[in-house]
Amino acid sequence: IFQGCEKLKHVDLVEGEVHDTIAALLLEEWKYDMDREMLSIDQSLPFTSAGDEFIDEGGKAQAVRMWIRAVLRKIIHFKAQHQHLLNE
C-alpha cells in the first residue's frame, strides 16, 4: 500500500469511535497508555523503509498494520477491564 512512500512519516486518525472509546476509559492511566500507543507509529515511520516501486515492498505498510492491531488489542483489553470494574 505504501510502497515507495518515503514521505509517510505521520498517521492522523480521523475523530470517531477510537477517540471516543479512549475518552470514555475510566482510569487516566489507561488513557495515557492509549495516547502513547496512538503516538507510537509516528516514532517508527520516519525510520521505516518505504521500499521501492519494483521488488522491495518496504516496511511502512507492515508497521501501520502492526500498529493498528496493537491499538485494537489495547482497546479490547481496556474495555474488558472497564466492564469488569463496572460489574464489581
Side-chain angles (χ1 to χ4, degrees):
I1 294 175
F2 304 115
Q3 193 170 352
C5 297
E6 286 295 334
K7 293 183 179 180
L8 178 62
K9 298 181 184 330
H10 176 74
V11 174
D12 257 336
L13 283 182
V14 177
E15 293 294 321
E17 288 185 39
V18 173
H19 292 287
D20 294 345
T21 299
I22 294 170
L25 292 173
L26 286 177
L27 300 178
E28 288 301 316
E29 178 183 331
W30 295 350
K31 292 177 189 181
Y32 178 73
D33 192 21
M34 285 305 305
D35 286 340
R36 280 196 337 241
E37 188 67 51
M38 298 295 287
L39 295 172
S40 69
I41 191 68
D42 296 338
Q43 303 296 317
S44 62
L45 277 181
F47 307 104
T48 304
S49 167
D52 59 36
E53 57 187 86
F54 302 107
I55 298 170
D56 182 14
E57 168 180 295
K60 290 194 188 268
Q62 181 180 5
V64 170
R65 280 192 297 269
M66 289 173 45
W67 171 72
I68 290 170
R69 286 186 193 118
V71 168
L72 290 176
R73 270 194 306 273
K74 283 193 177 208
I75 287 174
I76 290 167
H77 171 76
F78 289 139
K79 283 178 75 173
Q81 293 297 316
H82 179 104
Q83 191 60 47
H84 177 74
L85 288 173
L86 290 176
N87 290 338
E88 286 185 344

For K79, the side-chain contact (heavy atoms from CB on, under 4.5 Å) test, sequence neighbours excluded, returns T21, I75
Interatomic distance, N87 atom CG to H82 atom NE2 [nearest 0.5 angstrom]
9.5 Å
How many angstroms lie between NZ in K31 and CG in D33, if you round to the nearest 0.5 Å?
13.5 Å
Minimum-distance pair of heavy atoms, taken over all atoms of K60 and A50:
CE-CB, 3.7 Å
Output all residues satisfying ring-ring contact (aromatic ring centres under 6.0 Å, His included) with W30, sequence neighbours left out; order by chain, then residue number.
F78
Taking a hydrophobic cluster as the set of Ile, Leu, Val, Met, Phe, Trp and Tyr residues connected by side-chain heavy atoms closer than 4.5 Å, whether directly or through intermediates, do L72 and I41 fall within one such cluster?
yes
Minimum heavy-atom separation for A70 to E37, with atom names?
CB-OE2, 3.5 Å
To the closest 0.5 Å, what do you measure between NZ (K9) and OG1 (T48)?
9.5 Å
Determine the minimum heavy-atom distance between L25 and M34, stating which atoms define it.
CD1-CG, 3.9 Å
I'd like to know if Y32 and L26 are part of one continuous hydrophobic network [Ile/Leu/Val/Met/Phe/Trp/Tyr, side-chain heavy atoms within less than 4.5 Å].
no
Going by the rule side chain to side chain donor-acceptor pair (under 3.5 Å), which residues pair with D42 if we only count those two or more places apart in sequence or in a different chain?
H10
Contact check, side chains of M38 and I22, non-hydrogen atoms, under 4.5 Å
yes
Examine I68 and L45 and state if one hydrophobic cluster contains both, with Ile, Leu, Val, Met, Phe, Trp and Tyr joined whenever side-chain heavy atoms are less than 4.5 Å apart.
yes
Hey, any chance V71 and M66 share a hydrophobic cluster, counting ILVMFWY side chains that come within less than 4.5 Å of each other, even indirectly?
no
